[in-house]
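Notes to accompany the following structure.
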Amino acid sequence: MYRTLNYIGYLLLPLMLLTGCGEEIPLEEISRTTVYRPNGFPSYDIPEDNPMSVEAVKLGRHLFYDPILSGDSTQSCASCHNQALGFTDNELQFSTGIDGIEGDKNSMQLINLLWSDRLFWDGRSETLEEQALEPVENPIELHDTWPNVVEKLERHPVYPILFEQAFGSRTITKELAAKAIAQFERTLISGNTRYHRYKYGLPGGNMSDSELRGMTLFFGEKAECFHCHVDITFTDNSFRNNGLNRVFPPESQGLFNVTGDPADIGKFKTPTLINIAQTAPYMHDGRFETLEEVLDHYATGVNFSPTLDPLIRLNGFQLTQDERADLVAFLRTLTDEEFLSNPDFSNPFE
């Protein structure tokens, strides 16, 4: 059964990248070289074969939220990526697909993907377009086939029109669907946190004494968080072994499963800390339920293995309980409330 879209409301749907920290640029003005970039964020590249357009982003947003992509039309991409939780999966350690089968990785948040050159915890997809293809045919996720999904989209009363608006033809392919989803995901830009407003002297950037002390710890040599979670984007987009394991079963081998290089065993993508307070549980396997548990790991729980990142201290960082509380207080300033509730990123069917 297919959902019926509101034609007028859909076709007139306004879409703009909004922020209180940086320049506002209507999506209609997006080109291959121009897209909204928050203050201090680095440069970016948009693929030459998938230039941004308001129509394609609109299509991608609907595909992202539409259960039509799943085998039984019960789950969508958004089922495991909740906007209010930084596009993660409802505080679940592992996501469950349409057949009730649980995965073995924690759902990564989907933000600032313009600045991410490899996707998934293990980096197996080099582009968003490649990444968008995988969940549909993954047997423990949406568990459908792309030929079947394309057929459903072709029979739908509205999607052929939307593909024509986005790509100039009513011909629907999995590649075009993935391009549209990738375009929508590239608009999920978050950089308007209280910390960012404080840093750039913008309204709403007030920080408490505890938060300021936590900021000093974060960017100082005592806690050394900034080496992997660099200022502004709060990720270095690298892959690191942060001492979670001594031995590595297949699901914990990370980048090694992609490269086959023994030097990559146990290395996983460094996640951004923007909206970190909303994205529990933490780590690739969701083993830690709280930020306090994460700090406990870096203080006393690091496991040695040959590929352990040299920046990770085996003896842990030495912080008092008050200093740990200050550090957590700072991490909570990295919440972008505007992003988490921005209607341009929300479910268009509600």
Side-chain angles (χ1 to χ4, degrees), residues 14-31 33-46 52 54 57 61 81-88 109-116 184-220 222-237 270-280 291 323 325-346:
L15 192 58
M16 179 177 286
L17 299 171
L18 301 176
T19 182
C21 184
E23 184 181 2
E24 295 181 3
I25 302 176
L27 190 56
E28 287 85 348
E29 296 179 10
I30 285 179
S31 71
T33 58
T34 303
V35 72
Y36 165 69
R37 179 159 58 119
N39 286 328
F41 273 55
S43 60
Y44 55 83
D45 292 310
I46 294 174
M52 303 282 284
V54 64
V57 170
R61 179 185 173 199
H81 298 283
N82 184 329
Q83 179 186 3
L85 299 174
F87 287 96
T88 56
Q109 62 173 311
L110 302 179
I111 69 165
N112 298 335
L113 299 174
L114 264 173
W115 295 276
S116 187
F184 170 66
E185 291 179 334
R186 288 191 175 100
T187 70
L188 302 179
I189 298 171
S190 182
N192 188 26
T193 74
R194 190 148 50 88
Y195 163 75
H196 288 86
R197 294 195 296 270
Y198 168 84
K199 182 178 178 67
Y200 291 103
L202 297 170
N206 296 332
M207 294 178 66
S208 70
D209 290 342
S210 174
E211 291 163 349
L212 290 172
R213 291 193 299 268
M215 181 180 70
T216 299
L217 287 166
F218 186 96
F219 291 112
K222 192 168 186 179
E224 296 190 305
C225 310
F226 72 98
H227 289 301
C228 303
H229 299 285
V230 298
D231 194 11
I232 306 300
T233 62
F234 287 89
T235 176
D236 62 1
N237 278 312
T270 303
T272 179
L273 299 185
I274 295 176
N275 297 315
I276 191 67
Q278 278 64 44
T279 62
L291 291 171
E323 287 174 326
D326 290 339
L327 189 52
V328 170
F330 170 68
L331 292 174
R332 295 186 184 281
T333 71
L334 302 180
T335 299
D336 184 347
E337 298 288 355
E338 182 183 56
F339 173 82
L340 298 173
S341 61
N342 189 333
D344 290 339
F345 306 144
S346 66

What do the steps show when you test Phe87 against Leu188 for side-chain contact (heavy atoms from CB on, under 4.5 Å), and what is the final call?
CA-CA 9 Å; Phe87 287 96; Leu188 302 179; 4.0 Å; yes
Checking Ser341 now: which residues fulfil side chain to side chain donor-acceptor pair (under 3.5 Å) with it, not counting sequence neighbours?
none
Is a side-chain N or O of Gln83 found less than 3.5 angstrom from the main chain of Asn342, in a donor-acceptor match?
yes
Set of salt bridge (charged side-chain N to carboxylate O under 4.0 Å, His left out) partners for Arg332, sequence neighbours left out
none
Between Ile232 and Asn39, is there a side-chain heavy-atom distance shorter than 4.5 Å?
no
Could you pull out all residues at least two apart from Asn275 that satisfy side chain to side chain donor-acceptor pair (under 3.5 Å)?
Ser190
Tell me every residue that passes side chain to side chain donor-acceptor pair (under 3.5 Å) with Thr333, counting only those two or more places apart in sequence or in another chain.
none
Leu212: side-chain contact (heavy atoms from CB on, under 4.5 Å) partners, not counting sequence neighbours:
Tyr198, Met207, Met215
Please tell me if the side chains of Arg61 and Thr187 come closer than 4.5 Å, counting only heavy atoms from C-beta onward.
no
Does Thr233 have any side chain to side chain donor-acceptor pair (under 3.5 Å) partners at least two apart in sequence or in another chain, and if so, which?
none
Do you know the tightest heavy-atom contact between Ala277 and Thr335?
CB-OG1, 3.9 Å
For Ala329, all residues meeting side-chain contact (heavy atoms from CB on, under 4.5 Å), sequence neighbours excluded:
Ser210, Glu211
Partner residues of Thr88 under the side-chain contact (heavy atoms from CB on, under 4.5 Å) criterion, sequence neighbours left out:
Leu85, Gln109, Thr279
Kindly write out the residues that satisfy side-chain contact (heavy atoms from CB on, under 4.5 Å) with Cys225, not counting sequence neighbours, or none if the list is empty.
Phe218, Ala223, Leu327
Quick note, salt bridge (charged side-chain N to carboxylate O under 4.0 Å, His left out) partners involving residues 199-209, not counting sequence neighbours, are Lys199-Asp231
Can you tell me which residue among Ile276, Leu334, Leu273, Leu331 is in a side chain to side chain contact (heavy atoms under 4.5 Å, CB included) with His229?
Leu273
